[in-house]
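Dropping the structure in here first, questions after.
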Amino acid sequence: MGVAVDSTLQGIDLKGTKVRAPKIGQQLPPEFFDRDPQLVSREILGKLLVRRQPGKLLAGRIVEVEAYLGEDDPAAHAAAGRTLRNSVLFGPPGRAYVYFIYGNHYCLNVSCLPDGVPGCVLIRALEPVIGVDEMARARGITLQASADLKKLTSGPGRLAEAFGITRARDNGNDLTSMVSDLRIVDDGYRPARVLTTARIGITKAAERPLRFLVSENRFVSRAVG
DNA sequence: TACATGATGCCCT
DNA sequence: GGGCATCATGTAG
C-alpha cells in the first residue's frame with residue numbers, strides 16, 4: 001500500500017480496523033440543519049461524515065456540497081412537490097435523503113429546514129480520513145499511487161459507494177442521532193477559505209451559485225475554473 | 001402499462 | 001472532450 005493520507009486527526013489508526021470507538025468529534029444537533037440550505041452548506045464544509053458499524057469505521061471530511069432549495073428552485077427534487085421518492089426532503093431536518101440516479105449511482109443529501117419545509121444539501125465530495133482501505137474495497141479500487149485516493153470519494157456517486165450508502169439502507173435515517181451508524185460530526189476543523197460556484201450536472205437553474213467547496217482542496221469533484 | 005428522464009462515472013479518443 | 005450504460009421514479013395515456 002504505502003499511500004500517504006493527509007489528515008488533521010492525530011492518534012487515530014487510519015486503516016480504521018482496530019480503533020476502539022474513539023471520540024472523533026462533536027455530534028451536530030438537529031438545529032444545525034434547521035436553517036437555510038445555503039447557510040448549512042457553508043458551515044457543513046470541514047465536518048466529518050462518519051460510518052460506524054461493528055468492525056468498520058469510516059470517516060471523510062466534507063469538502064464540496066451543493067444547496068437545493070424548495071419549490072422556487074427548479075433543479076431541486078422538491079420543486080414539483082412531495083412524492084414517495086422525495087418525502088424525506090419535506091420531513092424534519094438532519095435526515096439522510098438518498099436517491100438512485102442514472103441506473104447506477106446513489107447520492108446522499110441531508111434534509112434542512114423545519115418539518116414541512118423542503119430543502120437539502122447534497123454531499124458531493126469527501127477527503128478520506130479514516131478507513132481508506134475499506135473505502136477502496138467498496139469502490140473496487142487498488143490503491144497504488146497517491147492519485148488513486150481521489151477516486152475514492154471525489155464525487156457524489158463515488159462517496160456513496162465508498163461508504164456503502166444505499167436508499168434501502170440509509171434513506172430517512174437521522175444523521176444527528178447517536179444510535180445512527182451514519183452521522184456528521186464536528187472535530188473542530190475549519191476551512192481557511194470557501195469558494196462558491198454554479199452547481200454541476202443540472203440543466204435547470206444551472207446559473208445559480210449554490211455549489212460550495214473548500215478552496216485548494218484536492219479532493220473536490222471538479223476544480224474551479 | 002408505456003415511456004422519458006436524470007444532482008454520474010467510466011472508458012475511449 | 002464525448003459517448004453511453006442502466007433503472008427507479010414520475011407522469012401521461
Side-chain angles (χ1 to χ4, degrees), chain A residues 33 36-38 40-42 44-45 49 60 62-91 93 95-113 118-128 135-145 147-172 175 182 184 195-214 218-225:
Chain A
F33 300 98
D36 187 295
Q38 297 174 77
V40 176
S41 289
R42 264 183 193 285
I44 203 172
L45 289 175
L49 178 68
I62 299 170
V63 297
E64 177 186 343
V65 299
E66 284 175 358
Y68 285 87
L69 316 179
E71 56 187 22
D72 56 333
D73 179 5
H77 286 182
R82 183 175 190 151
T83 66
L84 186 60
R85 177 206 197 195
N86 68 16
S87 64
V88 173
L89 295 178
F90 293 78
R95 306 297 172 94
Y97 167 52
V98 181
Y99 66 88
F100 188 60
I101 191 72
Y102 294 116
N104 279 301
H105 313 287
Y106 290 98
C107 294
L108 171 68
N109 302 254
V110 189
S111 64
C112 298
L113 298 168
C120 68
V121 172
L122 167 69
I123 312 296
R124 284 195 56 91
L126 304 172
E127 174 176 346
M135 293 182 203
R137 262 196 298 278
R139 291 272 297 121
I141 288 175
T142 302
L143 295 177
Q144 294 175 319
D148 292 335
L149 285 173
K150 190 169 153 53
K151 299 177 189 166
L152 296 179
T153 52
S154 295
R158 288 173 167 181
L159 73 89
E161 186 171 45
F163 274 62
I165 293 168
T166 66
R167 181 168 170 89
R169 187 174 174 187
D170 300 291
N171 189 55
L175 300 179
L182 190 65
I184 297 177
L195 299 180
T196 306
T197 77
R199 292 176 293 188
I200 291 177
I202 57 173
T203 54
K204 305 167 194 163
E207 76 293 343
R208 300 186 68 170
L210 294 174
R211 173 177 176 240
F212 304 84
L213 47 91
V214 175
R218 63 179 277 233
F219 291 96
V220 298
S221 68
R222 193 187 301 182
V224 177

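Since we're looking at a predicted model, the values are computed, not measured. Below, chain A is the first sequence line, B the second, and so on; all start at residue 1.
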Donor-acceptor check, side chain of A:R169 to backbone of A:G164, threshold 3.5 angstrom: yes or no?
yes
A:K204 meets the side-chain hydrogen bond (donor to acceptor under 3.5 Å, both in side chains) criterion, sequence neighbours left out, with none
Using modelled atom types only, decide if a donor and an acceptor are shared between the side chain of A:K150 and the backbone of A:E127 within a distance under 3.5 Å.
no
Could you give the CZ-to-C1' distance, from A:R199 to B:dG6, as a whole number of Å?
15 Å
A:D36: what forms a salt bridge (charged side-chain N to carboxylate O under 4.0 Å, His left out) with it, not counting sequence neighbours?
none
Would you call A:V65 and A:V110 a side-chain contact if the rule is heavy atoms closer than 4.5 Å?
no
Whole angstrom is fine here: how far is it from CG in A:N109 over to C1' in B:dT8?
14 Å
Heavy atoms from C-beta onward define the side chain here; which of B:dG6, B:dC10, B:dA7 lies closest to that of A:T203?
B:dG6
Is the base of B:dA7 stacked against the aromatic ring of A:Y99, taking ring centres under 5.5 Å apart and planes under 30° as the test?
no
Are any of A:R124's side-chain N or O atoms less than 4.0 Å away from OP1 or OP2 of B:dT8?
yes
Scoring nucleotides 5-13 of chain C by protein non-hydrogen atoms under 4.0 Å (B base, S sugar-phosphate only, - none) yields BBBSSS---
Whole-Å distance between B:dG6 P and A:Y68 OH?
12 Å
Starting at the 5' end of DNA chain B and moving along, which residue's nearest nucleotide shows up first, A:I202 or A:K151?
A:I202
Rounded to the Å, how far apart are A:Q38 CD and B:dA7 C1'?
16 Å
Using a 4.0 Å heavy-atom cut-off across all strands, classify A:R139 as base, sugar-phosphate, or nothing.
sugar-phosphate
Are side-chain N/O atoms of A:R124 and A:S221 paired as donor and acceptor at under 3.5 Å?
yes
